[in-house]
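Residues: numbered from 1 along the sequence shown.
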Amino acid sequence: MPDDQSAIPASDAKRLFAGLARAPAIVLAVSGGPDSVALMWLAARWRRALAQGPRLVAVTVDHGLRPEAAREARDVKRLARSLDLPHHTLRWSGHKPSTGVPAAAREARYGLLAQAAREHGATHILTAHTRDDQAETLLMRMLRGSGVAGLSAMARETERDGVMLTRPLLDISKAQLVATLKKARIGFADDPTNRDPSFTRPRLRALMPLLAEEGGDARNLARLAARIARANAALEVLVDGAERYLALKSEDHFDAGFDAALFAVMPDEIRLRLLKRAIDRTGHEGPAELGKVETLLAAVDEAVNQPLRQRESKLKQTLAGAVISVASGRIRISPAPPRRARSR
């Protein structure tokens with residue numbers, strides 16, 4: 001790739017979208033900012049160079065949080081039309097939370113994009129997350145005390161709601177995208193919320209120049225995230241093997257649980273992941289929080305390691321819609337009964 005300040009040439013843009021040429025259709029998530037406008041322009045140029053390729057559909061989500069958003073969506077529509085791309089604006093309607101707005105808006109956006117992908121027969125949604133976004137995500141998760149999986153930050157491709165969510169610009173800097181648009185003489189919107197210090201990400205963004213002076217620039221932080229992702233992938237392979245081993249050693253293959261003695265001698269990280277997998281698979285209240293699984297593992301260990309004369313005292317706890325119990329040398333995970341609605 002070229003340096004951080006130069007425009008992206010067509011030869012490099014072709015590599016960005018490698019592997020997508022056989023998709024029937026692709027949804028491009030375009031907000032109107034420089035990153036997503038560059039994504040649309042680069043994708044359109046790539047598609048024009050193909051004799052056959054996917055249909056590209058540009059989609060803008062108007063969250064209804066800023067009055068300028070409707071105008072920005074119209075600007076994206078005009079640009080999409082100039083690139084011979086169909087464009088649709090989707091609106092986030094309904095209740096808006098008073099706190100946690102960025103996270104709620106993100107969930108709503110992905111839900112609407114997945115809906116658009118299904119309607120247009122698209123197998124992929126492309127977003128314009130950059131190397132700068134990856135570095136900020138790593139910092140945010142570090143500050144929250146995330147585990148190895150969280151510190152892997154964003155993957156280039158993940159499955160969501162039956163559609164592949166792809167981030168082809170994850171190794172590209174924002175500066176390169178801006179340089180690309182300037183060279184092509186294409187305008188873009190400026191979202192003031194990207195500088196609003198009431199949100200975490202803009203506050204971290206303001207710290208990046210200071211971190212860069214100490215060697216913590218976006219390139220190095222993104223490299224760290226990639227290395228942690230590599231370690232996380234290796235750990236997942238080990239957990240797969242541990243899960244198969246415990247299943248083979250289980251006398252009852254229909255029992256969602258583990259032999260307590262075999263489970264106890266495994267490394268803590270493997271045991272945490274095994275426990276979390278079983279809870280997430282069995283429970284009905286969404287993924288279990290890592291910190292709560294860590295607390296649960298300590299309680300499981302205490303129950304398993306009790307002296308023989310005290311073994312009759314059993315552990316039974318509920319987490320994320322699953323019941324975890326320790327008894328008769330087994331750790332069992334089963335669905336918890338639905339919570340009763342509170343009477344008013």
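- Note that the CZ atom of F188 and the CD atom of E72 stand 12.0 Å from one another [nearest 0.5 Å].
- The nearest pair of heavy atoms linking K77 to H87 is NZ-O, 3.4 Å.
- Note on L139 and F199: separate hydrophobic clusters, where clusters join Ile, Leu, Val, Met, Phe, Trp and Tyr whose side-chain heavy atoms are under 4.5 Å apart, directly or indirectly.
- By the neighbour-count criterion of 12 heavy atoms within 6.0 Å, atom CE of M142 is sparsely surrounded, having that number or fewer from other residues, nucleotides or ligands.
- Within the 4.5 Å cutoff, no side-chain heavy atoms of P202 are placed close to those of R195.
- With contacts defined as side-chain heavy-atom distances shorter than 4.5 Å, the pair T137/R201 qualifies.
- No side-chain heavy atom of V27 sits under 4.5 Å from any side-chain heavy atom of H124.
- Under a 4.0 Å N-O distance rule, the pair R71/D75 qualifies as a salt bridge.
- Annotation for P209 and A206: closest pair CD-O, 3.4 Å, computed over non-hydrogen atoms.
- Listed here is the closest heavy atom pair of D280 and G286: OD1-O, 4.2 Å.
- A donor-acceptor distance shorter than 3.5 angstrom exists from the side chain of S31 to the backbone of G33, with no hydrogens or angles considered.
- Here ring pair (Phe, Tyr, Trp, His ring centres under 6.0 Å) pairs that include residues 260-296, with residues two or more places apart or in two chains, are F258-F263.
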Item to complete: I would like to know whether V326 and V304 meet side-chain contact (heavy atoms from CB on, under 4.5 Å); could you show each step before the answer?
Response: CA-CA 7 Å; V326 177; V304 170; 4.0 Å; yes

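- In summary, the side chains of H63 and R109 do present a donor paired with an acceptor at a separation below 3.5 Å, with no hydrogens or angles considered.
- Looking only at distances, a side-chain donor or acceptor of T130 sits under 3.5 Å from a matching main-chain atom of D132.
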Discussion item. What verdict does the side-chain contact (heavy atoms from CB on, under 4.5 Å) test give for V57 and L85, after you've listed the backbone C-alpha separation in whole Å, the side-chain angles of each residue and the deciding distance to 0.1 Å?
Written reply: CA-CA 6 Å; V57 181; L85 299 182; over 6 Å; no

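- Expressed to the nearest 0.5 Å, how far CD1 of I228 lies from CG of L138 amounts to 5.5 Å.
- A continuous path of Ile, Leu, Val, Met, Phe, Trp and Tyr side chains, each step under 4.5 Å between heavy atoms, connects L181 with L56, placing both in one hydrophobic cluster.
- For the pair R273 and E243, the salt-bridge criterion is not met [side-chain N within less than 4.0 Å of a carboxylate O].
- For E159, the CD atom counts as densely surrounded, since its 6.0 Å shell holds more than 12 non-hydrogen atoms of other residues, nucleotides or ligands.
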Worksheet item: R156 and D171: salt bridge (charged side-chain N to carboxylate O under 4.0 Å, His left out), yes or no, with the steps?
Response: CA-CA 9 Å; R156 187 181 188 276; D171 295 326; over 6 Å; no

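- A donor-acceptor contact shorter than 3.5 Å links the side chain of R167 to the backbone of A155.
- In this structure, the side chain of K276 engages the main chain of A288 through a donor-acceptor pair within 3.5 Å.
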Practice prompt. Determine, stepwise, if the pair D217 / N220 fulfils side-chain contact (heavy atoms from CB on, under 4.5 Å).
Written response: CA-CA 6 Å; D217 60 7; N220 282 338; 3.3 Å; yes

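- Under a 3.5 Å cut-off, the side chain of R230 and the backbone N or O of A233 do not form any donor-acceptor pair.
- The line from CG of L290 to CD of E294 is 4.0 Å long, rounded to the nearest 0.5 Å.
- Each of D301, L275, T318 was compared with L296 under the side chain to side chain contact (heavy atoms under 4.5 Å, CB included) criterion, and only L275 meets it.
- What you find for I125 and A117 is that their closest heavy atoms are CG1-CB, 4.1 Å.
- Both L83 and V30 are assigned to one and the same hydrophobic cluster, defined by single-linkage of ILVMFWY side chains at heavy-atom distances under 4.5 Å.
- Between the side chain of R332 and the main chain of G257, no donor-acceptor pair closer than 3.5 Å is present.
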Practice prompt. Could you walk me through whether R271 and L297 pass the side-chain contact (heavy atoms from CB on, under 4.5 Å) test, one step at a time?
Written response: CA-CA 8 Å; R271 297 191 304 136; L297 180 61; 3.7 Å; yes

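- Salt-bridge check for R48 with D84: failed, with every basic side-chain N at 4.0 Å or more from each acidic carboxylate O.
- In the model, T60 has no side-chain atom that pairs as donor or acceptor with a side-chain atom of T89 under 3.5 Å.
- No side-chain heavy atom of K316 sits less than 4.5 Å from a side-chain heavy atom of I324.
- Side-chain contact between V293 and E289: absent, with no pair of heavy atoms (C-beta onward) separated by less than 4.5 Å.
- Salt bridge status for E236 with R277: present, with a side-chain N to carboxylate O gap under 4.0 Å.
- Annotation: side chain of E269 is in contact with side chain of L235 (closest heavy-atom distance under 4.5 Å).
- Side chain of T282 to main chain of P335: no donor-acceptor pair is present (N/O by atom type, distance under 3.5 Å, no hydrogens or angles).
- In E302, the CD atom is not crowded: 12 or fewer heavy atoms of neighbouring residues, nucleotides or ligands sit closer than 6.0 Å.
- Residue pairs meeting the ring pair (Phe, Tyr, Trp, His ring centres under 6.0 Å) criterion with at least one partner in residues 5-51, sequence neighbours excluded, are F17-W46.
- Residues L224 and L143 fall within the same hydrophobic cluster, defined by Ile, Leu, Val, Met, Phe, Trp and Tyr side chains chained together at heavy-atom separations under 4.5 Å.
- The shortest distance between side-chain heavy atoms of V300 and L315 falls below 4.5 Å.
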Worksheet entry | Check against salt bridge (charged side-chain N to carboxylate O under 4.0 Å, His left out), E107 and R160 | CA-CA 11 Å; E107 286 300 309; R160 189 183 179 100; 2.8 Å; yes

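- Atom CD1 of I333 is separated from atom CG of L319 by 10.5 Å, given to the nearest 0.5 angstrom.
- One distance of note links CG of L113 with CG of L90; it measures 7.0 Å at 0.5 Å rounding.
- Remark: E136 engages R205 in a salt bridge, criterion side-chain N to carboxylate O under 4.0 Å.
- There is no side-chain donor-acceptor pair under 3.5 Å between S152 and R141.
- Here the side chain of D12 pairs no donor or acceptor atom with the backbone of P9 at under 3.5 angstrom.
- Environment of CD in E119: crowded, with over 12 heavy atoms of neighbouring residues, nucleotides or ligands closer than 6.0 Å.
- Note on V61 and L28: separate hydrophobic clusters, where clusters join Ile, Leu, Val, Met, Phe, Trp and Tyr whose side-chain heavy atoms are under 4.5 Å apart, directly or indirectly.
- The nearest pair of heavy atoms linking S6 to A179 is C-CB, 3.8 Å.
- Residue P24 comes nearest to G121 through the heavy atom pair CG-O, 3.7 Å, listed as atom of the first residue, atom of the second, then distance.
- L20 has its side chain within reach of L126: a pair of non-hydrogen atoms, C-beta onward, lies under 4.5 Å apart.
- Atom CG of residue D35 and atom OG of residue S173 lie 9.5 Å apart, to the nearest 0.5 angstrom.
- In terms of modelled atom types and a separation under 3.5 Å, the side chain of R47 and the main chain of A21 share no donor-acceptor contact.
- Looking at D161, its side chain never comes within 3.5 Å of a backbone N or O of V163 through a donor-acceptor pair.
- No donor-acceptor contact under 3.5 angstrom links the side chains of R227 and N232, judged on distance only.
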